Number of protein chains: 2
Amino acid sequence: MADTPDPRVTRSREAILAAARELLREEGPSAVTHQRVAARAEVGRATVYRHWPRPEQLLTDAMADVPMPFFLDPATPVRPWLERQLRMLADQLALPDVLAVTTALVQGARSEPQITTRRDRLATTIGQQLRAALTMAEQAGELQTACDPRDAPALLIGPLLYRSLLEPGPVSDDLIDRLLHAAGTWTAGSAISNPPAKRPTSPTTEL
Amino acid sequence: MADTPDPRVTRSREAILAAARELLREEGPSAVTHQRVAARAEVGRATVYRHWPRPEQLLTDAMADVPMPFFLDPATPVRPWLERQLRMLADQLALPDVLAVTTALVQGARSEPQITTRRDRLATTIGQQLRAALTMAEQAGELQTACDPRDAPALLIGPLLYRSLLEPGPVSDDLIDRLLHAAGTWTAGSAISNPPAKRPTSPTTEL
DNA sequence: ATCTTATGAGACAAGTTGACTCATAAGCCG
DNA sequence: CGGCTTATGAGTCAACTTGTCTCATAAGAT
């Protein structure tokens, strides 16, 4: 069939993207060159050039190949849902693939318009998901004195990003409780509504 | 005097580091090569090689040349002091130089031991400063139910880092109030102790 | 079996990297 | 100010990388 792609093309592109992704994870964006990707993928250098004529295309496609964190549709009660989502986000941000793309996004966004666009899109998506969840919580009466919706991503994700980039290691339940508390006052019936007392950090499982 | 450096050496090194810093700010770490730095600094390529035989050395020295955010010694009442420090930190994190080094640190830390060390040192320094301030606040009776000291940097700096890297733009006073609130309960007499009501974001001046 | 199309080895030109030589000039010292 | 030391920088060189191209080979479809 004319619109079924040639299996050789499919095979080559998958091998190339997988190799690019590996190099990105192991050594960062500067390692994603046609020569190194061809060697790693065990394909001809010309094949890499044929599919991706410019190195920036190869890098951005390799980055796009990595599933980035997102939130599932919110559910009531919102607080335990959000707690789980933040826990999941913390775990995802610790994954080498996700971390590689995250750092490449923030680094590349400073000078590459295409990467700036991708970063903005990711921030917009995750921000909207969070705002929708907080709005739902307010409407359900779970949340009072909510923060400015524009500040929600920074308040709820910022600390997890900080941990991921500057202090890698397990993220405690206490920290996640604190994030939720920073977003506003949660009513009883949706878990703890006051700041939790200081207690020992509980280690969390990591992949 | 034998230990007074040759002014030619001083002049060359300053020109080279300034050029490296500019390229780092404008295009990121991959632009900091001997060839490009020599051209920008208007010195001989051999001179750059003589002072910095390997490109990693040049990059890390250029990064070290940029003053990174830090906190001044805490003062009581701690809360207004911390508020000012966080405001200052937000402003510094928006500076192109600081942003360039920040992104280079988190990117490079993934695969370069020397850069990992620098990142860890920065995180340790700023964390200790914060912990000292919060301890002082607790001892002065300003702060109750303080967060786990290990979580303080993530809670207080994380949102500012998030803004800097993923949502550049002015940081509101409201957001900074929220960070302080996340760190614990502040008593009356050290500014607002309850979560602030939602109010319009106040634009802040940026350099 | 035949035709179409993707692949890949290798060649080529141009550029980059790292090391080196040596002429020139900056800087110090008496 | 002359002599000596030392830093600089233009240019060279080998090795490597990048991007493009050719063409033989083989995969895939019919």
Side-chain angles (χ1 to χ4, degrees), chain A residues 1-24 26-63 65 104 107-108 111-112 114-115, chain B residues 1-24 26-63 65 104 107-108 111-112 114-115:
Chain A
M1 191 65 85
D3 54 4
T4 303
D6 192 309
R8 296 172 296 182
V9 168
T10 301
R11 195 160 56 238
S12 295
R13 289 181 72 92
E14 284 176 3
I16 290 164
L17 280 177
R21 192 166 153 173
E22 283 173 31
L23 288 166
L24 173 61
E26 291 167 13
E27 299 181 44
S30 61
V32 184
T33 65
H34 288 79
Q35 152 140 324
R36 296 199 61 188
V37 169
R40 177 65 68 98
E42 296 186 329
V43 303
R45 207 161 51 86
T47 303
V48 186
Y49 274 104
R50 184 174 304 104
H51 289 284
W52 285 277
R54 294 190 289 104
E56 311 88 77
Q57 297 169 306
L58 183 49
L59 176 59
T60 53
D61 283 5
M63 288 166 68
D65 214 38
Q107 169 71 65
S111 52
E112 305 284 344
Q114 280 199 31
I115 300 189
Chain B
M1 192 63 83
D3 53 5
T4 303
D6 191 310
R8 294 172 298 181
V9 168
T10 301
R11 195 161 53 239
S12 295
R13 291 180 70 92
E14 284 176 3
I16 289 164
L17 280 178
R21 191 168 154 172
E22 282 172 32
L23 287 166
L24 173 61
E26 293 166 14
E27 300 181 45
S30 61
V32 183
T33 65
H34 288 79
Q35 152 139 324
R36 296 200 59 187
V37 169
R40 178 68 67 100
E42 296 187 326
V43 302
R45 205 159 55 84
T47 302
V48 186
Y49 275 105
R50 183 174 305 104
H51 289 285
W52 285 277
R54 292 190 291 104
E56 311 88 78
Q57 298 169 303
L58 183 49
L59 175 60
T60 52
D61 282 4
M63 287 166 68
D65 213 37
Q107 170 70 64
S111 51
E112 303 286 343
Q114 281 198 31
I115 299 189

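So you know, we letter chains A, B, ... as the sequences are listed, proteins then strands, and number each from 1. Computed from a predicted structure; not experimentally measured.
The main-chain N or O of A/Trp52 is found under 3.5 Å from a side-chain atom of A/His34 such that the two form a donor-acceptor pair.
Listed nucleotides: D/dT18, D/dT8, C/dG8. Nearest to the side chain of A/Gln35: D/dT18.
Atom-to-atom, CD of B/Glu42 to C1' of D/dA10 comes out at 15 Å; the value is rounded to the nearest Å. Atoms CD (A/Glu14) and P (C/dT7) sit 12 Å apart, rounded to a whole Å. A/Tyr49 places its OH atom 15 Å from the P atom of C/dA9, with the value rounded to the nearest Å. For B/Arg36 and C/dT17, the CZ to C1' distance is 15 Å, given to the nearest whole Å. Separating the CZ atom of A/Arg54 from the C1' atom of D/dT20 is a distance of 16 Å, rounded to the nearest angstrom. One can place CG of B/Asp6 at 7 Å from P of D/dT8, the figure rounded to the nearest angstrom. We find that CH2 of B/Trp52 is positioned 17 Å from C1' of C/dG18, with the value rounded to whole Å. Spacing between atom NE2 of B/His51 and atom C1' of C/dG18 amounts to 16 Å, rounded to whole angstrom units.
Scanning both residues, B/Val32 and B/Ala20, for their nearest heavy atoms gives CG2-O, 3.8 Å. Closest approach of B/Leu24 to B/Ala104, counting heavy atoms only: CD1-CB, 4.3 Å.
Residue B/Arg8 places a side-chain atom within donor-acceptor reach of the base of D/dT6, judged by atom type and a 3.5 Å distance cut-off alone. At a cut-off of 3.5 angstrom, counting only N and O atoms as typed in the model, there is a donor on one side and an acceptor on the other between the side-chain of B/Arg45 and the base of C/dG18.
Applying the 4.0 Å criterion to OP1 and OP2 of D/dG28, one finds that A/Arg11 has a side-chain N or O inside that range. For the pair A/His34 and D/dT17, the criterion of a side-chain N or O lying under 4.0 Å from OP1 or OP2 is not met. B/Arg50 has no side-chain polar atom (N or O) that falls below the 4.0 Å cut-off from OP1 or OP2 of D/dA7.
You'll find the side chain of A/Leu58 reaches within 4.5 Å of the side chain of A/Ile16, heavy atoms only. Considering only heavy atoms from C-beta on, A/Glu26 comes within 4.5 Å of A/Arg40 through its side chain.
Two residues, B/Pro55 and B/Pro7, neighbour DNA chain C, and the one matched to the more 5' nucleotide by heavy-atom proximity is B/Pro55.
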